[in-house]
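One structure is given below, encoded as structure tokens.
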Number of protein chains: 2
Amino acid sequence: MAKTDVAQCEEVHEIHRDKVDALHRAMPDDDELYDLAELFKVFGDSTRIRILFALFAADTCVCDLAETLNMTQSAVSHQLKILKQAKLVSFRKEGKSAIYFLADDHVRTIIDMGREHIEE
Amino acid sequence: MAKTDVAQCEEVHEIHRDKVDALHRAMPDDDELYDLAELFKVFGDSTRIRILFALFAADTCVCDLAETLNMTQSAVSHQLKILKQAKLVSFRKEGKSAIYFLADDHVRTIIDMGREHIEE
DNA sequence: CAAACATATGAACAATTATTCATATGTTTG
DNA sequence: CAAACATATGAATAATTGTTCATATGTTTG
């Protein structure tokens with residue numbers, strides 16, 4: 001096999017050109033890759049995970065979430081905004097309160113898959 | 001991680017004590033919550049997502065991964081270490097190279113769930 | 001309307017983290 | 001063994017991000 005001359009690779013490595021081309025074709029669009037990473041980033045914080053577990057159990061207002069997590073109302077509100085933007089949670093107004101709830105079942109499934117992976 | 005002045009919260013807000021207690025009981029152990037967040041944090045970076053998509057297509061050496069992602073060998077190696085620690089990838093030695101591959105099918109399932117959520 | 005309440009938000013700070021650079025480790029080959 | 005190669009790693013830096021604090025917005029109720 002001949003050495004491949006690769007302009008980008010300054011050092012002389014034995015790049016497998018055919019393979020790299022195949023991998024490149026298998027790669028989704030940058031937009032999708034970015035969106036996927038952004039989605040998982042939302043799950044990658046224990047405060048937000050705890051909020052999701054709370055909402056697994058019951059629809060809950062911000063105040064009770066803050067009390068449950070032993071955090072300030074502000075911190076919880078900031079995190080709820082992120083969860084909302086990722087369409088993982090939604091909310092309805094009830095009197096003075098905003099009651100948050102899970103947007104759909106993907107949330108549960110994704111977290112269940114994560115739990116499965118961890119138990120090994 | 002954050003400590004809140006609960007006493008103040010109780011003075012000002014109408015906490016639903018029964019509900020908060022129920023939510024508290026529904027919450028998994030801190031260890032599990034932490035591990036879950038750590039796992040998803042690993043998925044929450046587009047470089048690591050791209051590495052995983054490459055490995056979906058084929059087992060690959062570090063050098064070809066670096067070329068495919070158009071990144072330095074060092075950067076890829078650092079990220080592979082994180083993926084390895086999370087048990088998402090593994091590797092075998094073949095001659096001079098280290099061939100990385102997906103550790104198990106959870107990886108695929110988790111990413112598929114993420115893609116499903118995004119397409120809406 | 002005013003007071004009380006519930007939630008949201010902007011700015012600042014501290015902590016985390018991805019990449020780069022330089023170099024080390026370990027393997028193969030002549 | 002020495003040279004070449006493939007990968008790993010430590011330190012430094014820049015960028016990102018979670019929490020706090022102060023305050024704003026918007027609702028309900030007397």
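Since the structure is predicted, the reported quantities are computational estimates derived from the model, not experimental observations. Residue numbers begin at 1 in each chain, while the letters A, B, ... track the order of the sequences.
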Between NZ on residue A/K84 and CD on residue A/Q79, distance to nearest 0.5 Å: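 Those atoms lie 12.0 Å apart.
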Atom pair distance, as rounded to whole Å: [atom1] in [X] and [atom2] in [N]:
{"X": "A/H78", "N": "C/dA12", "atom1": "NE2", "atom2": "C1'", "result": "11 Å"}
{"X": "B/K41", "N": "D/dT16", "atom1": "NZ", "atom2": "P", "result": "17 Å"}
{"X": "B/L69", "N": "C/dT20", "atom1": "CG", "atom2": "P", "result": "12 Å"}
{"X": "B/D45", "N": "C/dT17", "atom1": "CG", "atom2": "C1'", "result": "9 Å"}
{"X": "B/F91", "N": "D/dT7", "atom1": "CZ", "atom2": "C1'", "result": "9 Å"}
{"X": "B/N70", "N": "C/dT19", "atom1": "CG", "atom2": "P", "result": "12 Å"}
{"X": "B/K93", "N": "D/dT7", "atom1": "NZ", "atom2": "C1'", "result": "7 Å"}
{"X": "A/K84", "N": "C/dT9", "atom1": "NZ", "atom2": "C1'", "result": "11 Å"}

Pairs involving residues 22-31 of chain B, ordered by first then second residue, that meet salt bridge (Lys or Arg N to Asp or Glu O under 4.0 Å) (sequence neighbours left out):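 Those involving residues 22-31 of chain B do not exist here.
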Counting only Watson-Crick pairs (N1-N3 plus N6-O4 or O6-N4) and G-U wobbles (N1-O2, O6-N3), all under 3.5 Å, who is the partner of [N]?
{"N": "C/dT27", "value": "D/dA4"}
{"N": "C/dT20", "value": "D/dA11"}
{"N": "C/dA14", "value": "D/dT17"}

Can a side chain N or O of [X] be found less than 4.0 Å away from OP1 or OP2 on [N]?
{"X": "A/Q79", "N": "D/dT19", "result": "yes"}
{"X": "A/Y100", "N": "C/dA6", "result": "no"}
{"X": "A/T47", "N": "D/dG18", "result": "no"}

Which nucleotide in the set [options] lies at the smallest distance from any side-chain heavy atom of [X]?
{"X": "B/K81", "options": "D/dG18, D/dT9, D/dT28", "value": "D/dT9"}
{"X": "B/K96", "options": "C/dT19, D/dA6, C/dT9", "value": "D/dA6"}
{"X": "B/S74", "options": "C/dT7, C/dA22, D/dT7", "value": "C/dA22"}
{"X": "A/R48", "options": "D/dT7, D/dT20, D/dG18", "value": "D/dG18"}

5' priority, DNA chain D, between A/G95 and A/E38 [closest heavy atom]: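 Its nearest nucleotide lies further toward 5', so the answer is A/E38.
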Residue whose nearest DNA chain D nucleotide is more 5′ - B/S77 or A/G44: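 Nearest nucleotide further toward 5': that of B/S77.
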More than 12 heavy atoms of other groups within 6.0 Å of B/K87 NZ: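 Atom NZ in B/K87 is not packed in, count stays at 12 or less.
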Other residues, nucleotides, ligands: >12 heavy atoms within 6.0 Å of B/F56 CZ: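 Yes, the 6.0 Å shell around CZ holds more than 12 heavy atoms from other groups.
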Aromatic ring pairing A/F40/A/F43, orientation class (parallel under 30°, perpendicular over 60°, tilted between):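 A/F40 vs A/F43 ring planes: tilted.
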Give [X] one of three labels, base, sugar-phosphate or nothing, depending on what nucleic acid heavy atoms sit under 4.0 Å from its own.
{"X": "A/A98", "answer": "sugar-phosphate"}
{"X": "B/S97", "answer": "sugar-phosphate"}
{"X": "A/I82", "answer": "sugar-phosphate"}

Salt-bridge present (A/D35, B/R115; N to O < 4.0 Å):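 The answer is no: the pair does not qualify as a salt bridge.
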Donor-acceptor pair under 3.5 Å, A/Q73 side chain vs C/dA8 base: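 Side chain to base: pair found, below 3.5 Å.
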